[in-house]
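A short worksheet on the structure shown next.
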Amino acid sequence: MTDEQEKGRDGSIRVGVLGARGRMGAEVCRAVDGAGDLELVAAVDQGDELSGASAAEVVVDFTTPDVVMDNLRWCVDRGVHAVVGTTGFTRQRLEQVRGWLADRPDVGVVIAPNFGIGAVLMMQFAARAARHFESVEIIEQHHPRKLDAPSGTATHTARLVAQARAEAGLGPTPDATKDEVPGARGADIDGVRVHAVRATGLVAHQEVLFGTLGETLTIRHDSYDRVSFMPGVLLAVRAVRQRPGLTVGLDALLD
Ligand SMILES: NC(=O)c1ccc[n+]([C@@H]2O[C@H](COP(=O)([O-])OP(=O)(O)OC[C@H]3O[C@@H](n4cnc5c(N)ncnc54)[C@H](O)[C@@H]3O)[C@@H](O)[C@H]2O)c1
Ligand SMILES: O=C(O)C1=N[C@H](C(=O)O)CCC1
């Protein structure tokens with residue numbers, strides 16, 4: 001590593017991007033390039049050696065659920081902070097990451113199911129509304145090249161809503177369905193029904209539909225362009241070095 005790589009140009013944060021040729025990775029490379037306090041030192045994609053990101057202080061991962069855990073392990077072992085947008089983080093995976101970080105208390109990892117500021121607020125509003133409504137269902141809509149269903153955002157929202165319902169002592173949502181074509185009632189995430197729509201023209205959209213006697217409340221968020229995720233990604237890149245351990249979601253960073 002040269003002296004300039006070691007320090008970063010003008011004291012800027014050295015950033016590496018994994019999944020750099022993907023839809024999100026390419027957008028992150030542009031956003032990092034355009035930020036005066038950040039320097040893009042590595043753009044790694046499938047087939048490239050991960051060691052290409054060795055010069056980075058912070059790695060941003062937008063790859064796929066099947067490779068993200070190996071990438072993250074590589075970062076933590078080398079003391080590289082990580083900002084992760086890739087989906088597929090089950091509770092078990094999050095526990096595994098916490099375990100790795102216990103051995104590297106100097107390293108920070110931020111994993112966010114959605115970096116859109118509006119999406120973060122949509123999830124907060126949904127969690128707040130949850131205890132007031134006996135019914136709730138989530139409808140997420142995405143572009144058809146998305147590999148996972150339901151989305152990470154919908155799964156995270158369902159968990160937050162389920163937790164708020166449990167804390168309020170609410171039971172199961174009312175549903176008299178007896179005959180069902182498999183899948184017609186969506187996926188069951190912690191007792192919350194989640195419906196996944198895929199259509200050309202969409203980017204990333206979600207509605208949380210609440211119902212109680214004589215009224216419904218719909219909380220909706222739309223990302224029309226992947227630039228919508230960039231302020232959140234850059235916020236996490238700038239914060240992660242000062243946040244050792246695992247941070248899930250952007251909420252703590254926004255506050
Ligand atoms: N958290 C958020 O705000 C947010 C927003 C959008 C997308 N996502 C998630 O980010 C992920 C990527 O989404 P996308 O639309 O950019 O997908 P994409 O398919 O366009 O990009 C993924 C990229 O990762 C690359 N890749 C695969 N294996 C790799 C490896 N071992 N090392 C390095 N690169 C590798 C692929 O070649 C591809 O270029 C998905 O899980 C998606 O759900 C999250
Ligand atoms: O385009 C995607 O893929 C997205 N994935 C995330 C999810 O699964 O929630 C965030 C929104 C866009």
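The basis for the numbers below is simple: all heavy atoms, side chains too, and nothing from hydrogens, waters or symmetry mates. Residue numbers count from 1 along this sequence. For ligands, and for the atoms within them, numbers begin at 1 and follow the listed sequence.
- Residues passing the ring-ring contact (aromatic ring centres under 6.0 Å, His included) test with Phe210 are Phe133, sequence neighbours excluded.
- The nearest protein atom to atom 21 (O) of ligand 1, hydrogens excluded, is given as Gly22 CA, 3.3 Å; this is a heavy-atom distance.
- Within the listing of ligand 1, atoms 23 (C), 24 (O), 25 (C), 33 (C), 34 (N) sit less than 4.0 angstrom from a heavy atom of Gly19.
- Gln92 and Gln96 are not linked by any side-chain donor-acceptor pair at a separation below 3.5 angstrom, with hydrogens and angles left out of the test.
- Side-chain contact between Leu50 and Leu18: present, with at least one pair of heavy atoms (C-beta onward) separated by less than 4.5 Å.
- When heavy-atom distances to ligand 1 are checked against a 4.0 Å cut-off, Val67 comes that close only through its side chain, counted from C-beta outward.
- No salt bridge links Glu39 with Arg14; every basic N to acidic carboxylate O contact stays at or beyond 4.0 Å.
- For ligand 1, the atoms sitting less than 4.0 Å from at least one non-hydrogen atom of Met24 are 5 (C), 6 (C), 7 (C), 16 (O), numbered in the order shown with element in parentheses.
- The protein atom (non-hydrogen) at minimum distance from atom 3 (O) of ligand 1 is Phe115 N, 2.8 Å.
- A donor-acceptor contact shorter than 3.5 Å links the side chain of Arg104 to the backbone of Asp77.
- In terms of protein heavy-atom proximity, atom 4 (C) of ligand 1 is closest to Phe62 CE2, 3.6 Å.
- Looking at Asp61, Thr63, Leu250 and measuring to atom 12 (C) of ligand 1, the nearest heavy atom belongs to Thr63.
- In terms of polar-atom proximity, Gly116 is not counted as a contact of ligand 1, lacking any N or O under 3.5 Å from an N or O of the ligand.
- For residues 119-138, the pairs satisfying side chain to side chain donor-acceptor pair (under 3.5 Å) are Gln124-Asp251, Glu137-Arg185, Glu137-His195, with sequence neighbours left out.
- Of the protein's non-hydrogen atoms, the one nearest atom 34 (N) of ligand 1 is Gln46 N, 3.2 Å.
- Protein heavy atom at the shortest distance from atom 39 (O) of ligand 1 is Asp45 OD2, 2.8 Å.
- A donor-acceptor distance shorter than 3.5 angstrom exists from the side chain of Ser151 to the backbone of Ala154, with no hydrogens or angles considered.
- Considering only heavy atoms from C-beta on, Asp106 stays 4.5 Å or farther from Pro244 through its side chain.
- Screening residues 112-122 for side chain to side chain donor-acceptor pair (under 3.5 Å), with sequence neighbours left out, gives Asn114-Thr153.
- Between atom 8 (N) of ligand 1 and the options Gly85, Gly52, Ala112, Ser223, the minimum heavy-atom separation is to Gly85.
- Judged purely by distance below 3.5 Å, without hydrogens or angles, the side chains of Asp175 and Thr173 never pair a donor atom with an acceptor atom.
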- Message: Determine whether Leu72 and Asp61 satisfy the following criterion, side-chain contact (heavy atoms from CB on, under 4.5 Å), listing intermediate values before the conclusion.
- Response: CA-CA 8 Å; Leu72 204 38; Asp61 187 302; over 6 Å; no

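- Using modelled atom types, no side-chain atom of His221 and backbone atom of Gln206 make a donor-acceptor pair closer than 3.5 Å.
- At the shortest separation from atom 18 (P) of ligand 1 among protein heavy atoms lies Arg23 NH2, 3.7 Å.
- Applying the 4.0 Å criterion to heavy atoms of Lys146 picks out, from ligand 1, the atoms 43 (O).
- Atoms of ligand 1 found under 4.0 Å from any heavy atom of Thr87 (numbered from 1 in listed order, with element): 40 (C), 41 (O), 43 (O).
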Inventory of protein N or O atoms under 3.5 Å from ligand 2 N or O:
residue  : atom  : partner : partner atom : Å
ligand 2 : 1 (O) : His143  : NE2          : 2.8
ligand 2 : 3 (O) : Lys146  : NZ           : 2.9
ligand 2 : 5 (N) : Lys146  : NZ           : 3.1
ligand 2 : 8 (O) : Lys146  : NZ           : 2.7
ligand 2 : 8 (O) : Gly152  : N            : 2.8
ligand 2 : 9 (O) : Gly152  : N            : 3.3
ligand 2 : 9 (O) : Thr153  : N            : 2.8
ligand 2 : 9 (O) : Thr153  : OG1          : 2.5

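- Remark: side-chain polar atoms of Asp222 are not paired, donor with acceptor, to backbone N or O of His205 under 3.5 angstrom.
- Of the polar atoms of Pro113, at least one N or O is found under 3.5 Å from an N or O of ligand 1, judged by distance alone.
- Close contacts of ligand 1 with Arg21, meaning ligand atoms under 4.0 Å from a residue heavy atom, involve 39 (O).
- A donor-acceptor pair under 3.5 Å is absent between the side-chain atoms of Asp255 and the main chain of Ala252, judged by distance alone.
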